[in-house]
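For reference, the structure discussed in these notes is given below.
Since we're looking at a predicted model, the values are computed, not measured. Sequence positions, counted from 1, serve as the residue numbers for this chain.
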Amino acid sequence: MSDADGAWVSLFSGGKDSAWALYRALERGLNVERLVTVHPTGDSYMYHVPATELAGLAAGSIGIPLLEVEPDDFEADAVTDASAQGDDELEPLEAALRELDAELPGGIAGVTAGAVESEYQTSRIEGMCDRLGCDLFAPLWREDPRELADAMLEAGFEIRIIRVAAYGLDESWLGRTIDADALAELEALNEEYGVHILGEGGEFETLVVDGPHMDRRIELEYETEWDGTRGTIRVTDARLV
């Protein structure tokens with residue numbers, strides 16, 4: 001469905017992993033012509049959920065048009081078959097990409113994805129790319145988490161934690177910027193509680209508010225919501241500065 005001169009599409013949530021995959025694709029000179037964000041209504045097995053409404057601001061700063069996919073509620077909290085759920089959740093994304101493939105001159109040449117360790121997500125995205133007849137660029141896949149984190153900071157990424165859901169991560173982490181001190185604490189929490197240094201598996205979620213691929217920084221105002229074991233930030237205002 002695509003040729004060598006086709007466009008690349010970047011699966012993009014605004015979080016650090018998808019932003020890093022996009023950044024690395026741009027570094028390699030891949031022709032990224034669209035960002036694609038899926039906005040799950042409720043919980044999801046396949047997609048980053050919190051603050052995806054800010055992906056439009058990030059796209060504006062990056063300067064690449066954004067395609068937004070708004071599926072019905074996946075009802076992930078009532079799942080009995082996780083494998084079937086993942087397949088079902090992929091359908092609206094694949095349908096949107098098929099339409100985009102028909103619209104773009106040369107079709108879709110490839111898709112970027114920010115998967116680190118999730119075989120569950122990566123195998124499904126690989127299968128989707130096979131069906132679309134395009135390549136997959138997943139530069140984080142099975143890389144060392146600490147080396148990835150260091151590379152993101154060295155490149156100039158400003159990463160904010162917007163949700164936490166792991167033992168050892170308290171309310172003080174909400175809104176915190178990931179820097180060298182935060183990484184040292186995350187390594188200690190990894191040794192003590194098994195917290196993944198990149199939050200793999202939803203232990204924490206992030207938003208990239210600035211980076212070398214962005215023209216303007218995202219300024220946030222927010223309140224924190226904490227239930228005693230997990231929490232999120234609720235954005236009250238966001239703008240590019």
Side-chain angles (χ1 to χ4, degrees), residues 9-23 25 32 34-77 85-86 88-97 99-100 111-116 118 120-122 124-125 128 138 140 152 157-165 174-175 178 198-211 213-214 216-225 230-240:
V9 172
S10 197
L11 303 184
F12 184 76
S13 68
K16 61 180 172 26
D17 298 340
S18 65
W20 185 249
L22 167 65
Y23 171 70
V32 181
R34 289 290 188 284
L35 309 182
V36 178
T37 299
V38 179
H39 299 283
T41 304
D43 289 336
S44 169
Y45 275 53
M46 281 294 296
Y47 305 108
H48 170 111
V49 173
T52 58
E53 71 276 5
L54 298 179
L57 266 185
S61 178
I62 294 164
I64 298 176
L66 176 69
L67 172 63
E68 301 186 77
V69 181
E70 299 187 359
D72 295 332
D73 192 332
F74 291 132
E75 299 181 351
D77 56 349
Q85 179 71 14
D88 290 345
E89 290 189 12
L90 199 65
E91 287 179 3
L93 171 61
E94 186 168 337
L97 291 182
E99 289 185 14
L100 188 60
V111 170
T112 80
V116 181
S118 174
Y120 181 93
Q121 292 173 318
T122 305
R124 284 167 174 77
I125 294 171
M128 179 185 72
L140 295 84
M152 291 176 191
F157 272 44
E158 183 180 345
I159 304 164
R160 304 285 288 278
I161 293 178
I162 59 173
R163 177 178 288 186
V164 298
L174 292 173
I178 296 181
L198 290 179
E200 185 79 352
E203 294 177 339
F204 62 85
E205 304 278 8
T206 62
L207 176 72
V208 176
V209 298
D210 202 8
H213 59 305
M214 299 169 70
R216 290 188 287 167
R217 184 178 180 278
I218 300 174
E219 183 84 16
L220 294 178
E221 294 180 17
Y222 61 89
E223 299 171 354
T224 61
E225 298 177 351
R230 61 181 60 206
T232 189
I233 69 167
R234 185 172 62 82
V235 176
T236 56
D237 188 41
R239 58 193 176 275
L240 295 178

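A pairwise comparison of heavy atoms in Leu54 and Ala238 identifies CD2-CB, 3.6 Å as the closest pair. Closest approach of Ala113 to Leu140, counting heavy atoms only: O-CD1, 4.5 Å. Considering every non-hydrogen atom in both Val208 and Ala19, the closest pair reads CG2-CB, 3.8 Å. Considering every non-hydrogen atom in both Arg163 and Leu174, the closest pair reads CA-CD2, 4.0 Å. Counting all heavy atoms, side chain and backbone alike, Leu35 lies closest to Ala59 at CD1-CB, 3.8 Å. When all heavy atoms of Leu11 and Ile125 are compared, the pair lying nearest together is CD1-CD1, 4.1 Å.
Here CG of Leu67 is found 7.5 Å from CG of Leu97. Values are rounded to the nearest 0.5 Å. Here the straight-line distance linking atom CD1 of Ile162 with atom CZ of Phe204 works out to 11.5 Å at 0.5 Å rounding. Atom CD of Gln121 sits about 7.0 Å away from atom CD of Glu200, to the nearest 0.5 Å. Between the CG atom in Leu57 and the CD atom in Glu219 there is a gap of 11.5 Å [rounded to 0.5 Å]. Distance CG/Asp210 to CD/Glu158: 6.0 Å, rounded to 0.5 Å. To the nearest 0.5 Å, atoms CG (Leu90) and CZ (Arg124) are separated by 8.5 Å.
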side-chain contact (heavy atoms from CB on, under 4.5 Å) evaluation trace for Ile218 with Leu240: CA-CA 5 Å; Ile218 300 174; Leu240 295 178; 3.6 Å; yes
Determine whether Ile64 and Leu22 satisfy the following criterion, side-chain contact (heavy atoms from CB on, under 4.5 Å), listing intermediate values before the conclusion. CA-CA 11 Å; Ile64 298 176; Leu22 167 65; 4.2 Å; yes
Checking side-chain contact (heavy atoms from CB on, under 4.5 Å) for the pair Leu207/Leu220: CA distance, chi angles, key distance, verdict? CA-CA 10 Å; Leu207 176 72; Leu220 294 178; 3.8 Å; yes
Glu205/Thr232 under side-chain contact (heavy atoms from CB on, under 4.5 Å): CA gap, chis, key distance, verdict: CA-CA 9 Å; Glu205 304 278 8; Thr232 189; over 6 Å; no
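Arg160 places a side-chain N or O within donor-acceptor distance of the main-chain N or O of Gly175, the cut-off being under 3.5 Å. Here the side chain of Thr37 pairs no donor or acceptor atom with the backbone of Ala55 at under 3.5 angstrom. Of the possible polar contacts, one joining the Thr236 side chain to the Glu221 backbone as a donor-acceptor pair under 3.5 Å is found. Between the side chain of Ser18 and the backbone N or O of Ser13 there is at least one donor-acceptor pair closer than 3.5 Å.
Counting non-hydrogen atoms of other residues, nucleotides and ligands closer than 6.0 Å to CZ of Arg230 gives a total of 12 or fewer.
Taking the ring-ring contact (aromatic ring centres under 6.0 Å, His included) definition, one finds that Tyr222 meets it with nothing, sequence neighbours left out. Applying the salt bridge (Lys or Arg N to Asp or Glu O under 4.0 Å) test to Arg216 and every residue at least two apart in sequence or in another chain returns nothing. Every residue two or more places apart in sequence or in another chain that forms a salt bridge (Lys or Arg N to Asp or Glu O under 4.0 Å) with Glu223 is listed here: Arg234.
By the 30° and 60° cut-offs, the orientation of the rings of His213 relative to Phe157 is parallel.
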